[in-house]
Amino acid sequence: MAYALHPLHTFALHNQCQNLVKITHLEQLYTQSFSSPFCLLGEGSNTIFLNDYHGTVIKMATKGITITPRETDTLISVAAGENWHALVSYLLDKNLPGLENLALIPGTVGASPVQNIGAYGVELSKFVESVEYFDIHSKKLVCLTNAQCEFGYRDSVFKHGLKNKAVITRVLLALPKQWQPVLSYGPLKQLTNVTPRAVFEHVIQTRNSKLPDPYTLPNAGSFFKNPIITNQQLATLLKQFPDAPYYAYGQSEHKVAAGWLIDNANLKGYRVAGIEVHRQQALVLVNHGNSEGKDLIAMITHIQHVVHSRYNILLEHEVRLINTTDECYIQGDVTQ
């Protein structure tokens with residue numbers, strides 16, 4: 001039996017999978033077969049199925065939130081299937097701030113550590129105490145500390161050493177009782193009445209003004225990572241493009257805004273079949289319909305080529321792309 005995939009990922013390409021399993025209780029994992037190709041899925045906001053998937057899609061839908069006050073912080077234990085934004089809102093209603101900069105990021109809590117979600121100057125790794133996962137081979141639950149998760153920019157051990165070996169079941173977050181706002185990102189600097197609720201609402205307002213609703217206009221959010229370049233590369237870039245936005249990343253590197261690179265290369269509105277560079281936010285690719293995986297690949301490689309030709313910078317896609325049996329990475333020939 002075939003199952004339609006377009007309702008399961010927000011980019012909504014019309015493909016199918018052979019099997020679909022919805023995990024609502026952890027006990028199901030112990031009897032689930034992981035022998036054939038499988039793809040773990042939350043809400044599909046950072047995953048695109050390029051073709052029909054010749055395997056099993058396993059959708060995590062477990063629920064549950066436990067709050068434990070401690071001396072200097074509060075421990076929040078959250079099941080993988082909980083919605084991320086709903087969690088941020090729920091905790092704020094309970095006067096447990098800290099995650100407000102990460103408001104309105106789509107997806108599930110279980111997916112959040114995989115790419116170490118981040119926005120407006122804050123990354124999830126700042127709050128992770130540990131991550132629990134189901135080990136596919138030993139069929140046991142394992143708990144990793146923050147350090148063992150090997151968090152990086154949009155990166156973690158779940159993309160590398162534990163890829164296809166672990167099913168994240170629970171995320172434990174430590175929220176300090178002493179709240180410290182993070183207002184370093186542009187739109188938040190203008191806030192005068194600084195409260196957790198004000199930051200939360202301003203982040204939502206800013207995201208809504210820039211990013212299309214994926215359930216109205218199919219998209220996968222920010223499509224490309226902000227490239228990290230050396231200080232020397234930055235100096236070279238600024239000589240030719242003094243308006244390029246950049247942010248310090250450690251001592252010897254900087255992040256450059258990928259959206260600006262695409263926008264300044266006049267790619268807004270560029271279209272392949274029904275796939276378009278969004279006219280309001282160049283970092284987002286939208287799907288108007290009547291499109292296939294090959295159209296998206298053509299779009300990605302074109303953007304990579306144009307950006308590399310103009311700035312000598314390689315763009316990497318942040319969104320997870322799934323082919324017939326496995327995840328794939330698109331890096332077009334930028335030298336063409």
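Along the sequence shown, residues carry numbers from 1.
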Regarding [X] and [Y], is there a side-chain donor-to-acceptor distance under 3.5 Å anywhere?
{"X": "Asn116", "Y": "Glu123", "value": "yes"}
{"X": "Asp155", "Y": "His160", "value": "yes"}
{"X": "His278", "Y": "Asn219", "value": "no"}
{"X": "Asn15", "Y": "Asn51", "value": "no"}
{"X": "Gln28", "Y": "Thr24", "value": "yes"}
{"X": "Glu253", "Y": "Thr230", "value": "no"}

Indicate every side-chain donor-acceptor pair of residues 236-243 with a distance under 3.5 Å to a residue at least two apart or in another chain.
| residue | atom | partner | partner atom | Å |
| --- | --- | --- | --- | --- |
| Thr236 | OG1 | Gln232 | O | 3.1 |

Inset, instruction - Side-chain contact test, heavy atoms from C-beta onward, threshold under 4.5 Å: evaluate it for His254 versus Tyr247 and give yes or no. - result: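 No; the side chains remain at least 4.5 Å from each other.
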
Legend entry - Exam field: side chain Thr301 to backbone Ile297, donor-acceptor pair closer than 3.5 Å: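 Such a contact is found between Thr301 side chain and Ile297 backbone.
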
Legend entry - Short side-chain to backbone donor-acceptor contact, Gln304 and Leu315, under 3.5 Å: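 Here the side-chain-to-backbone pair exists.
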
Legend entry - Minimum heavy-atom distance Cys328-Asn323, with the two atoms named: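 The answer is SG-ND2, 3.9 Å.
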
Inset, instruction - Taking all non-hydrogen atoms of both residues into account, name the closest pair between Leu183 and Lys189 and its distance. - result: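 Looking at all heavy atoms of both residues, the closest pair is O-CG, 3.2 Å.
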
Inset, instruction - State whether the number of non-hydrogen atoms from other residues, nucleotides or ligands found under 6.0 Å of Tyr246 atom OH is greater than 12. - result: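 It does not: Tyr246 OH has 12 such atoms or fewer within range.
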
Inset, instruction - Under the side chain to side chain donor-acceptor pair (under 3.5 Å) rule, what do Glu276 and His288 come out as? Steps first, then yes or no, please. - result: CA-CA 8 Å; Glu276 182 184 36; His288 294 286; 2.7 Å; yes

Inset, instruction - Compute the centroid of each ring, for Phe49 and then for Phe11, and state whether the two points are separated by less than 6.0 Å. - result: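 Phe49 vs Phe11: aromatic centres not under 6.0 Å.
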
Legend entry - Contacts of Tyr329 that satisfy ring pair (Phe, Tyr, Trp, His ring centres under 6.0 Å) - sequence neighbours left out: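 So Tyr329 forms a ring pair (Phe, Tyr, Trp, His ring centres under 6.0 Å) with His317.
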
Inset, instruction - Establish, yes or no, whether the cationic atom of Lys163 lies under 6.0 Å from the six-membered ring centre of Phe158 and within 45° of the ring axis. - result: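 Cation-pi check for Lys163 and Phe158: fails.
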
Legend entry - CG on Asp295 to CG on Leu13, rounded to 0.5 Å: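 Leu13 atom CG to Asp295 atom CG measures 8.5 Å (nearest 0.5 Å).
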
Donor-acceptor pairs are to be reported for all side-chain atoms of residues 81-99 against protein atoms at under 3.5 Å, with residues two or more places apart or in another chain.
| residue | atom | partner | partner atom | Å |
| --- | --- | --- | --- | --- |
| Glu82 | OE2 | Gly64 | N | 2.7 |
| Asn83 | OD1 | His85 | N | 3.1 |
| Asn83 | OD1 | Ala86 | N | 2.8 |
| Asn83 | ND2 | Glu43 | OE1 | 3.1 |
| Asn83 | ND2 | Glu43 | OE2 | 3.1 |
| Trp84 | NE1 | Leu102 | O | 3.0 |
| His85 | ND1 | Leu104 | N | 2.8 |
| Asp93 | OD1 | Arg197 | NH2 | 2.9 |

